Every structure is written in structure tokens, then in C-alpha cells.
*Asks:* 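The structure that follows is given in the form of C-alpha cells.
Model, not experiment: these values are computed from the prediction.
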Amino acid sequence: MATPSAPPTAVAPADAPESATQPTPPTSPTLTSNPTPPTPPTITISPALDAPDRDRLLHGTHHAPHSVLGAHLVPGGVAFRVFRPFALGVTVVAGQLKAELHDDGDGFFSGLVPLQGVPEYRLAVAYEGTVQEVEDAYRFLPALGDLDLHLIGEGRHEELWQALGARTMTHQGVTGTRFTVWAPDAQGVRLAGSFNFWDGTGAPLRSLGGTGVWELFMPGVGEGELYKFEITRPDGSKTMRADPMARRTEVPPATSSIVHASHYEWNDAEWLAQRVELPAHEAPLSIYELHLASWRPGLTYRQLAEQLPAYVKDLGFTHVEMMPVAEHPYGGSWGYQVTGFYAPTSRLGTPDDFKFLVDALHQAGIGVLMDWVPAHFPRDDWALAEFDGRPLYEHEDPLRAAHPDWGTLEFDFGRREVRNFLVANAVYWCEEFHIDGLRVDAVASMLYLDYSREPGQWTPNEHGGRENLDAVAFLQEMNATVYRRVPGVVTIAEESTAWDGVTRATDHVGPGGFGGLGFGLKWNMGWMHDSLDYMSHEPVHRKHHHGEMTFSMVYAYSENYVLPISHDEVVHGKRSLVSKMPGDWWQQRASLRAYLAFMWAHPGKQLLFMGQEFAQGAEWSETNGPDWWLLDPSYGAEADHRGVRDLVRDLNTVYRHTPALWQLDTSPSGFQWITGDASEDNVFAFLRYDTDGSPLLAVSNFSPVVRHDYRLGTPDDIPAWHETLNTDTARYGGSDITNPDPIKPEPQPWHGRPTSIRLTLPPLATVWLRPA
């Protein structure tokens, strides 16, 4: 252990007495015959660190660096201890007082200054060719409060992003950044970044009690600085980790976190006020799903804000659903392997730039949904996997941690801090970025312990079942918290099984003994697969698959549904939507148009992935995006593609202005079959009703022949019908077989109804009729 050979040199103000400039040397009591008691000696201790503390600081295993570094009142004065690797010298500056500290070796400096109290001070640190006057990070009290620590320990901190991560602030009158991280199994944590040449040796964090949180306030560090946490694992090895709570990251493949403070001023108050008027399942909801990075390749968030709102508004969609949003290292994952759960992907700009895009969409009257991925995370060794040396975010049981399908890790939903991390994350996107809804990915993989696992690869729950009780509790808490805190939002489950009560209230126990999961809507994967299978068959064979188009109505009101034609259906050899249709080019487009109108009339909300709105023939590629050149007027078949897009625009327009198509989506009173069994004709006809009883009649003919005078039973209280939409009109690219005149019912019973009408059904077409 190095010890000072002499007391530090202290330079006092000119008017100070000479005796104040030097510490009193140790003295011994003097014995005399005088009975007066001796004067107690002044005891001076060495200010230098002892060997164990030096060793722990040098090796990054000190839990309480503030207890030994900084300024501390001791017998004989104030002991100053500084750990500044690579410094040539350190001087304490307190007003006009300057005290040069002794170099104890290995970057440690110390000195004992005869002061009666700890002053406000700074450090003058000498390096080769320069002297920097800086604040001492180890003179500050913790910048994280007891209430924050209590809530973190309870797993109930609903604004966790305000407590953990990097947060710029003024603390004890000094500006800087507070760094906090949850790493309960770490032996020590140090901060490395662009502000200390990526050497965290001299920047150890302190452990704040039993919560597993480590903290360090770094004066002078501000926005834009890069950083990571250097964690000493239980086995003594070290790992450099990005901040799990980082709100901004470097552009991949770089992996550092970035200190960020938002300065964005929102302009969407009108939108936020009106979105609470109707719950999503009782409102018009048609969603344009897009991959942000490839919708118009090369555009930034702010450039997208100039083009995307106008395009989506022109097509009449009520919402966009964005993927990917949260930061992810591999673009080909489409954002489904997240490493930065609190950071919008930096590929397209800053977090404030992303807010600008959301704001622009809101001002155009368009809601914003985002894909949210709490089911799993990748194994990258700079991110969440074994974050502090042991399973932390993932389950400690390997059978529960490894996701069998994607080579990723599953969250430990039973650990309160992990559950808090995810629940707060859902709130974060809705509150900080004004997101209107979360589409939660891969819910089925969370709900079942045996998901994609063979016997012997999973362990039953405490009741002997295969349900993941921890995941159920997490989803219930997430939904309840989001809906309580953020009025007007909607959560949407991508859930591919028949789990009971996905969109049921969490306090309503179903027949399986579980409360509902509490989602607002659920993707209807069954409808999607069944209807696409039906459409893929040649019309002559469709009669054998008729039930695939009607079966959805057997369970249509078991949940609140979205009908999704998503990105998953137009990649990996599944072909684009129009390419799934049989026949020649004309028949493919006609079948697509008829199918889209059938979908828009079917109970449930609509979702369509980008490129399908203009019948793109090729599969989607995340590197190329949609084939916009198909809409170039100089392209010979441009009219064919423009016709489909014109239809999508008209579908959305009529849909939004026809409450019968959305008002009673979740009520059996909003739907009646006219005929669901005309399999020989490939015809489907049904009525939709609004709350006032006003109907819309939808008729689809999925055969390539014209059906003249096709008779359909109708309600007897409608004096006449008129055609409000026909997918076979010439402007959409059809053969223009229409019903131009009002159609009056005849007193001939049909389909169990007292009156009926006769229609001309165009080939491979859907017709909508309203009361005249």
C-alpha cells in the first residue's frame, strides 16, 4: 500500500493565519506534577485508501465507492480521495483554497486538509499537456429517491424510465446525467463512455441497497454522449452492456447507448381529446400495416412525415400499424428481436424525430399502432442475455428460457422486476410517444408452457396444466395498467389459438377458471387462414371449401376481432395477396377485389399490409419495399394496379361513413345471413346493421360467371335498394357489370324472408347495397 511521504500542500487565502495552512502533527500527552488533566492530543490519520478498497476499485468490484472516494470528515480534518487513472496530478479547489493531493499510485490521490467541514469543491486534474477543472462525481448524494427504490423493489414502478437509465438533470446545483441500472447479481458496475475514453475504471457506480440498482451521477455529462455499463459478473469476469433502459441508441451495427433528453413539443391535443370518444371495437378501424424502413427506402422519420400521412389519409385508413419501432440489431428480423425496448430505432432518426412522425399522423387524423414484442429477446452478448452474469431477464430454468422457434430467450414473467420492465415499457410508448395502440406479438408463445415443445421439454404449472400462469398474470397487469393510465388506447393480441377470454375483462373469470387477458382486440388468425385457403382454389373447386368462408361466423363474437392480411402472409414463399389468387391476370385481380370487399363487410376490423393495396405481384422484401413503379403512368399495366388502389380507397370511404359496417362488430345483432350455404354458386350474402337498424347488404360471387336475376331474400321493411359499391366496375379494372337502377323487393318469399330481390351478380365480384 502506498502511503504519503508528507502531508498535502495546502495553499490558503492571503488573509488566513499561517497556522491554518498546515495540519497539526500528532502529539502525545505530557505528564506533569500539576493535577490539571492533560489536553487531549490531536490525532491525524492517513487519508490514503487501504489495500482492500484499492483492490476492489481497481478490479471493478466495489459496491460503495462513494463511501471511500470523495470528501469525508475524519479526525484531523477532511480526507479527500480521488481515483483518476492516467492523471498526473489532482488538486482540490474550494473557493480560494487549493490543496494538491498526494499521488498514491495506480491512479489514486489523497490528502488530509484541516477543515472543520466538507466544503463545496472541484478538482483540477492534470493530464499530459492540460489541466481540467471538473466536479467530483463522488461528492454527490444519490440522485434516485427512496420512493423510486421502493417501487422498483416492489415491481410497481409504472414510470420506470424516469428512474432507470440515463437521465440528464441538475443535482445539488450541478448539471449532469444520472446513470442507473438494475444488476442485482453484479459484483460491481462501472460506467464507460465517450466522456472517459471508454475506460470505466475510474467511474464505479454504487449499489443502492437490496433493490439491485446501481447509481452514479456524472457531472458535466450531457445529451449525445455514448455510454455502456461495464459489469463484473459473479465469477469475476467482465461484460460491457448497453443500457436496457436506453432511450436512444447508436445506429446498428454499433451498439452503444446514447444520453437523450426530449425537447419535442406536441401539437396533437385535438387528436388525443377525440380518441377517447369511442372504444376501438365500436369505432371504424381500418389499419394500414407498414414496415417503416422499407415503405419508401431511405426516408427518415421526418421525411416519412412529409409523405406517409398524406398517402394514408388519401386511402382512407383510420390507423397505421408500424414495424419495426423498438431498436433491434438485425434488420431482417423486421424488429421482432428487440435489444432496445425503450429506444425507437435510430436507423431513421432520433426519438424526437419519431415523435414528429407520430404527431404528423395525428394531425392528419390517423391513429398510430406499433408492434410490441414482450415475448422474447435475442441472445446478443451486449444486450439483455445473462445481463449481470446470471439469468436475469430470462427464466433461470433453461426449459423456460430458450424459445424453441427463434433461437431467442423468453422473459421471466414471474419475476416482478422483469414484469415491471415490460409493463412500464408498454406505458412508456403510449405516454411518451402518444402511441394509440400496441399490437402485441406472439401472445400464444407466451401463454403455453409447451408451445413448440415436445414432451419432456417443458414442465407443467403448479396445477399440472400447460398454461404459463406467470405470462397470464403479466398480460393482465399490462393491459389493466395501460387502459387505466392512457385513455383511448387499444391493445391488440396476435394470438393464434382458441385461448378463452383474450379480449375479456381481467376481472371476469371464464369457464377455464382464468380471468380475461384484458386486450381490446385480437387478430382473427383462423379467418385469415381459412379465407385465404378458400381463395387460393380454382373457382370450380371452391364449392368444396365453402365452409371455410362461413365458419368464422360460428365464433365471430367470442372475441373482439381484427381481420389481418399482414406482412406474415406475403413473405417466405407465401406469395403476395394477388398472386395467391388462381387464374389469369384478370381473374387474379377480380378475385382480389372481391375478397377485399368481402373482408371489409365481414364483422371485425381490417388490416392490410403495404403493397397489397395496389396488387403488388411480388413478395415483400424488407430491402426493396413496395413496387411503387407499378403505379407509374408510363408502365403499361399501371391502370390495373391503380384500379385496385382506387377500390381500397372507396372501401375505406364507404366503410367510415356506414356505421352498419363497424358499430356492432362485436354484437350478434349486427349480422344476419341471407344465404351462407350457396356452395354450388360460390355465393355469400349477408346483412350488416347499425344500432338504429339501418342495414347494408353484401353479396359476393366467387365464380367467374355472371349470375343474372339472382334471387335473394330481403327484409320487408326496405322499399328499395341501390348499389353503393361494386368491385366489377370499369374504374377498378372490372367488366363493368353493375346494377345501376334502384332494386325494389318483390312479394316472393325467399331464404326464409317474406320478400326478395333479383340482382345481376358480376363475375368474381362483391356488391354492396344500401336502402335507396
Side-chain angles (χ1 to χ4, degrees), residues 286-297 308 311-312 315 317 320-324 331-332 334-336 371 494 523-525 527-539 542 548-549 562-600 606-632 635-649 651-652 702 704 727 732-734 764-766:
S286 61
I287 304 165
Y288 183 70
E289 186 191 28
L290 71 148
H291 181 260
L292 274 176
S294 69
W295 184 73
R296 297 275 193 184
L308 182 62
Y311 182 80
V312 175
L315 288 182
F317 287 96
V320 295
E321 181 180 313
M322 299 175 174
M323 65 172 224
W334 311 330
Y336 291 108
D371 278 9
E494 187 215 15
W523 273 20
N524 194 334
M525 313 291 278
W527 172 88
M528 178 185 70
H529 290 126
D530 287 347
S531 63
L532 288 178
D533 185 69
Y534 174 88
M535 295 303 301
S536 69
H537 291 287
E538 293 284 349
R542 284 175 176 164
E548 293 180 346
M549 293 290 267
V562 174
L563 311 180
I565 302 298
S566 72
H567 64 278
D568 280 326
E569 302 312 307
V570 295
V571 292
H572 298 326
K574 295 181 182 179
R575 299 176 291 171
S576 69
L577 188 54
V578 72
S579 298
K580 297 177 191 289
M581 308 297 166
D584 59 23
W585 176 232
W586 191 95
Q587 291 176 315
Q588 286 181 311
R589 288 182 293 119
S591 292
L592 172 61
R593 294 192 303 267
Y595 176 68
L596 289 174
F598 174 85
M599 170 183 173
W600 253 252
Q606 289 74 40
L607 179 143
L608 190 65
F609 183 63
M610 66 181 193
Q612 312 316 301
E613 77 273 17
F614 56 82
Q616 175 172 314
E619 281 191 348
W620 167 62
S621 163
E622 75 274 3
T623 57
N624 299 327
D627 290 337
W628 296 108
W629 57 269
L630 295 172
L631 296 169
D632 189 329
Y635 174 59
E638 178 266 345
D640 297 343
H641 299 278
R642 176 170 36 82
V644 175
R645 189 171 66 169
D646 288 343
L647 170 66
V648 170
R649 180 188 297 109
L651 287 172
N652 278 324
F702 289 112
T727 66
Y732 304 143
L764 298 174
T766 293

*Asks:* Apply the test side chain to side chain donor-acceptor pair (under 3.5 Å) to residues W600 and T766: give CA-CA distance (whole Å), side-chain angles for both, the deciding distance (0.1 Å), then the verdict.
*Replies:* CA-CA 11 Å; W600 253 252; T766 293; over 6 Å; no
*Asks:* Please find the pair of heavy atoms, one from D627 and one from A618, that lie closest to each other, and give the distance.
*Replies:* OD2-CB, 3.7 Å
*Asks:* Within the side chain of K580, is there an N or O that forms a donor-acceptor pair under 3.5 Å with the backbone of K574?
*Replies:* yes
*Asks:* Any donor-acceptor pair under 3.5 Å linking the side chain of R593 with the backbone of L647?
*Replies:* no
*Asks:* Please round to the nearest 0.5 Å and tell me the distance separating atom NE2 of H291 and atom CZ of F609.
*Replies:* 7.5 Å
*Asks:* With R642 as the cation and F614 as the aromatic partner, state whether NZ or CZ is under 6.0 Å from the six-membered ring centre and within 45° of the axis.
*Replies:* no
*Asks:* What heavy-atom pair brings Q616 and S576 nearest, and what distance separates the two atoms?
*Replies:* O-OG, 2.7 Å
*Asks:* Rounded to the nearest 0.5 Å, what separates atom CD in E289 from atom CE in M322?
*Replies:* 12.0 Å
*Asks:* Could you tell me the separation between the CG atom of D568 and the OH atom of Y336, rounded to the nearest 0.5 Å?
*Replies:* 6.5 Å
*Asks:* Looking only at non-hydrogen atoms, find the nearest pair between V578 and G617 and report the distance.
*Replies:* CG1-CA, 4.0 Å
*Asks:* So do R589 and D640 actually touch side chain to side chain, heavy atoms under 4.5 Å?
*Replies:* yes
*Asks:* A side-chain contact here means heavy atoms from C-beta on lying under 4.5 Å apart; do L608 and Y288 qualify?
*Replies:* no
*Asks:* If you measure from CD on E622 to CE on M323, what distance do you get to the nearest 0.5 Å?
*Replies:* 8.5 Å
*Asks:* By side chain to side chain contact (heavy atoms under 4.5 Å, CB included), which residues pair with N624, not counting sequence neighbours?
*Replies:* S621
*Asks:* Could you pull out the closest heavy-atom pair between Y595 and I565, with the gap in Å?
*Replies:* OH-CD1, 3.4 Å
*Asks:* As a test of understanding, state which of P704, P582, P539 forms a side-chain contact (heavy atoms from CB on, under 4.5 Å) with Q587.
*Replies:* P704
*Asks:* Strictly distance-based, threshold 3.5 Å: is any side-chain N or O of E548 a donor or acceptor partner for the main-chain N or O of S531?
*Replies:* no
*Asks:* Working to the nearest 0.5 Å, report the span between CZ of R645 and CG of L315.
*Replies:* 6.5 Å
*Asks:* For the rings on F702 and H537, is their centre-to-centre separation under 6.0 Å?
*Replies:* no
*Asks:* Which heavy-atom pair separates V648 from F317 by the least distance, and what is that distance?
*Replies:* CG1-CZ, 3.7 Å
*Asks:* Would a distance-only check, ignoring hydrogens and angles, find a side-chain to backbone donor-acceptor pair under 3.5 Å from E619 to R575?
*Replies:* yes
*Asks:* Look only at the side chain of H641 and the backbone of A615, and say whether a donor-acceptor pair between them is shorter than 3.5 Å.
*Replies:* yes
*Asks:* Given 3.5 Å as the limit, does a donor-acceptor pair link the side chain of S591 with the main chain of M581, or not?
*Replies:* no
*Asks:* Does a side-chain heavy-atom distance below 4.5 Å link D646 with Y732?
*Replies:* yes
*Asks:* Would you please name every residue forming a side-chain hydrogen bond (donor to acceptor under 3.5 Å, both in side chains) with E569, sequence neighbours left out?
*Replies:* none
*Asks:* Supply the atom-to-atom distance I287 CD1 to S566 OG, rounded to the nearest 0.5 angstrom.
*Replies:* 11.0 Å
*Asks:* Assess the pair W523 and H529: is the distance between their ring centroids shorter than 6.0 Å?
*Replies:* no
*Asks:* I'd like to know if the side chain of E613 and the backbone of G611 have a donor-acceptor N/O pair within less than 3.5 Å.
*Replies:* yes
*Asks:* With a 4.5 Å heavy-atom cut-off, do L563 and L607 have their side chains touching?
*Replies:* no
*Asks:* Does a side-chain heavy-atom distance below 4.5 Å link P626 with Q612?
*Replies:* no
*Asks:* With a 3.5 Å distance limit and no angle check, can you tell me whether N524 reaches the backbone of W527 through a side-chain donor-acceptor pair?
*Replies:* yes
*Asks:* Side chains of L290 and E321: does their closest heavy-atom pair fall under 4.5 Å?
*Replies:* no
*Asks:* Work out which heavy atom in T727 is nearest to a heavy atom in A597; give both atom names and the distance.
*Replies:* CG2-CB, 3.5 Å
*Asks:* Between the side chain of D584 and the main-chain N/O of W586, is any donor-acceptor distance below 3.5 Å?
*Replies:* yes
*Asks:* Donor-acceptor pair, distance only, cut-off 3.5 Å: does the side chain of W628 make one with the backbone of W295?
*Replies:* yes
*Asks:* Look at the rings of H567 and W334 and say which category their plane angle falls in: under 30° parallel, 30 to 60° tilted, over 60° perpendicular.
*Replies:* perpendicular
